[in-house]
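Structure record follows, encoded as structure tokens.
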Number of protein chains: 2
Amino acid sequence: MVSISDVAHEAHVSKMTVSRVINHPEQVSPEIRKDVQRVISQLGYVQNRAGRALANNRHYNIAFILLDNVNEIEPYYAHLLMHLTDALREEGYTLEMRHDRNFDLTNVDGFLICGARHSDFTVLNNLPIPVVIYGTESGITSVDIDNQAGTLLATKLLISQHYQRLLFLGMDIDEPFATNREMGYRQAMREADREVEIYRLPNNEHIVQRFLQNDDLSANTGIIAATDRLGLGALRASRQQGLQVPDDIGIVGFDGIYIHQLAEQPLTTVQQPLKEIAGHMVQLLLAELSGKTVESVYVVPKLIHGETTK
Amino acid sequence: MVSISDVAHEAHVSKMTVSRVINHPEQVSPEIRKDVQRVISQLGYVQNRAGRALANNRHYNIAFILLDNVNEIEPYYAHLLMHLTDALREEGYTLEMRHDRNFDLTNVDGFLICGARHSDFTVLNNLPIPVVIYGTESGITSVDIDNQAGTLLATKLLISQHYQRLLFLGMDIDEPFATNREMGYRQAMREADREVEIYRLPNNEHIVQRFLQNDDLSANTGIIAATDRLGLGALRASRQQGLQVPDDIGIVGFDGIYIHQLAEQPLTTVQQPLKEIAGHMVQLLLAELSGKTVESVYVVPKLIHGETTK
DNA sequence: TTGTAAGCGTTATCAG
DNA sequence: CTGATAACGCTTACAA
């Protein structure tokens, strides 16, 4: 493996000059800089991360902690992970995968956290290294979609398509994203001067389907679902009752990764822009690492039109 | 952060003795060893990986490369990843996520690869660091399920449940796992002295469903699908034709992660034991890293009984 | 069995 | 703008 010394020797400069060309190029005279850069690419030199880590008292390693139950891991985590990986790699960082609540600080510069529940936040708030969560919680740097804006879009779409009864399938958990998705629906209904109708259920398509069996979904019902899995259950219940989607029933899901495509009819859904989210998470974390104060970021999600709305 | 020197000082020994207690405890006298261990846990000392990496010319970092198209990432990769993470972490290694074909050797001790296609193997064969793939390819250390044994099980199940027409829904790609799954079906049919009926399709439930619409699935058909997505398409086609599953039609999928549970009726499927696979992959890679010669491993998958067989 | 010295590759600091 | 030196935390080789 070619080291910085090899480059220095070959370029007839000191190791420090090479180091500077890499880290503070503006501090090196143009000619020498060019020369060193040429030698670097000629020799195929790449920084040794261990050496740099030791010198900088940094590890160039970020732990990505997925706190959801392994058996409940939704496909979109895999996509978020890939995007985080890319974003970190571009900045010279490694992503270390984890899924425990130890928050072990060993050999890690910061945490990216996903699936954290309310009960985790006291711990997270007191960690001595930077943390960015995917979700919403005051006091912690976070990136999230504007969940309320998402269901607002969804509900308005169904209103504009003249569905009469408009019901919301929410989640039976008390987490900000769940509450916010419900609020978007409430807001749209209020603005349209319509009566709300809300059910809160576990995030499982089979349960939803069974639940809606007992409900006469009569024609012209619009269903705003807090997740694609809930939407999928609604779709199945509708078809089971012999109703046509989207002619009789309109359905909009939420999340827009994988499940909406796998459904019997592709779901119209509010899509989480995971690449954008990952980018923000990494940028915020790196900013915190370099000592800056940062503000949480909220991204407005977009409607993806499938075949469950007109 | 507490370092090896702190421990050495506190325990009134040299750094080397501490190092030995960690790496070669048998070389240290019992009393001193105990004493040092006490100090270690008292101070909460943990090895700095960068220091160790630099001294050992190792990085303690393994790249996990997911070569499938990002948009086609199946949920089971997320699970495999989690298990690989755990297994590596237990051995003191970090998992670095990647999904490109650069095979960049920088700061990495080995590769774990997933989704490699035939065309990748010439490159993989000539890498200067250990590689373990998930899949089958002679010449490269690999871990795989015995795909043929899996479809053999699946086919035998449907035969034993007295389905008359037994058709195989295979994939339209020319990769060993696809071929082997087809061979398991062929073997079972040969042994039962039955005629084979094989269709090869893209791995997409919508396409399969459309394809089978034109086929009169008349009662008593058993369908062996090469993947759960294909099985899901078969399930939908059956229901669309008004046939009862599993009374009229029996279906067995393959993979057994996520999709089989999301289906309208939980699919009977051949499940990939991902935790076991991840464990083998890591063990083989570490063995190679320590210079041992190793043999590829094949794991026999198990049938999971859902509601698409009797 | 234990300790000393040197070095892994990099960068911060300070001197020129 | 450039270079010499020391230091980061750890381990190998050698000495005691």
Side-chain angles (χ1 to χ4, degrees), chain A residues 1-37 39-40 43-61 91-94 105-109 129 289-291, chain B residues 1-37 39-40 43-61 92-94 105-109 289-291:
Chain A
M1 270 286 118
V2 27
S3 82
I4 201 173
S5 307
D6 302 326
V7 177
H9 184 259
E10 186 74 14
H12 307 288
V13 295
S14 73
K15 291 195 291 178
M16 263 325 291
T17 301
V18 179
S19 175
R20 273 192 276 258
V21 168
I22 295 164
N23 300 301
H24 311 284
E26 74 284 358
Q27 295 178 11
V28 180
S29 73
E31 312 103 54
I32 296 196
R33 193 193 314 157
K34 265 204 156 175
D35 215 45
V36 170
Q37 278 161 341
V39 174
I40 284 178
L43 265 49
Y45 165 74
V46 280
Q47 264 187 324
N48 178 307
R49 210 196 287 122
R52 187 167 60 131
L54 211 46
N56 284 346
N57 193 25
R58 282 272 184 99
H59 296 93
Y60 297 95
N61 187 33
E91 305 284 348
Y93 281 77
T94 262
L105 301 166
T106 316
N107 297 311
V108 154
D109 299 320
I129 60 176
L289 270 172
S290 63
Chain B
M1 270 285 120
V2 28
S3 80
I4 201 173
S5 306
D6 301 325
V7 176
H9 184 259
E10 185 73 14
H12 308 288
V13 295
S14 73
K15 292 194 294 179
M16 261 324 291
T17 302
V18 179
S19 175
R20 273 191 277 256
V21 168
I22 294 165
N23 300 301
H24 312 283
E26 74 285 357
Q27 294 177 12
V28 181
S29 74
E31 311 104 56
I32 295 196
R33 192 194 312 156
K34 265 202 155 178
D35 216 45
V36 170
Q37 278 161 343
V39 174
I40 284 177
L43 266 48
Y45 165 74
V46 280
Q47 266 186 323
N48 177 307
R49 208 195 288 123
R52 189 168 58 131
L54 211 47
N56 285 346
N57 193 26
R58 281 270 184 100
H59 295 93
Y60 297 95
N61 186 34
Y93 282 78
T94 263
L105 302 164
T106 315
N107 297 312
V108 153
D109 299 320
L289 270 172
S290 63

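Below, chains carry the letters A, B, ... as their sequence lines are ordered, and counting in each starts from 1.
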Round to a whole Å and report the spacing from [atom1] of [X] to [atom2] of [N].
X: B:Asp35; N: C:dT2; atom1: CG; atom2: C1'; answer: 14 Å
X: B:Ile40; N: D:dC10; atom1: CD1; atom2: C1'; answer: 13 Å
X: B:Arg58; N: C:dG7; atom1: CZ; atom2: P; answer: 23 Å

Practice task
Give a yes/no answer on whether the side chain of B:Ser14 brings an N or O atom under 4.0 Å of OP1 or OP2 in C:dT2.
Solution key: no
For residues 20-28 of chain B, tabulate all N or O donor-acceptor pairs below 3.5 Å that involve a side-chain atom, not counting sequence neighbours.
| from | atom 1 | to | atom 2 | distance (Å) |
| --- | --- | --- | --- | --- |
| B:Asn23 | ND2 | B:Ser19 | O | 3.1 |
| B:Asn23 | ND2 | B:Ser19 | OG | 3.4 |

Handout entry: Main-chain N/O of B:Tyr60 paired with B:Asp109 side-chain donor or acceptor, under 3.5 Å
Key = yes
Exercise for the section: Please tell me which of the listed nucleotides, C:dT1, D:dT2, C:dG3, lies nearest to the side chain of B:Ser29? Expected result: C:dT1
Handout entry: CG-CG distance between B:Asn48 and B:Leu54, expressed to the nearest 0.5 angstrom
Key = 10.0 Å
Problem - A:Ile40 side, atom CD1; A:Gln47 side, atom CD - distance, nearest 0.5 Å - result: 9.0 Å
Exercise for the section: For each nucleotide in nucleotides 8-16 of chain C, reading 5' to 3', give B when a protein heavy atom comes within less than 4.0 Å of its base, S when such contact involves only the sugar-phosphate, and - otherwise. Expected result: BBBBB----
Problem - Those residues that, when tested against B:Asp35, pass salt bridge (Lys or Arg N to Asp or Glu O under 4.0 Å) (two or more places apart) - result: B:Arg38
Practice task
Could you tell me which residues satisfy side-chain hydrogen bond (donor to acceptor under 3.5 Å, both in side chains) with A:Tyr45, sequence neighbours excluded, listed by chain and number?
Solution key: none
Handout entry: Counterpart residues, side-chain hydrogen bond (donor to acceptor under 3.5 Å, both in side chains), relative to B:Arg33 (two or more places apart)
Key = none
Practice task
Check A:Ala50 against B:Ala53 and note the closest heavy-atom contact, atom names and distance.
Solution key: CB-CB, 3.7 Å
Exercise for the section: Return the angle between end axes of the helix from C:dT1-D:dA16 to C:dG16-D:dC1, with five pairs used per end and rounding to 10°. Expected result: 40°
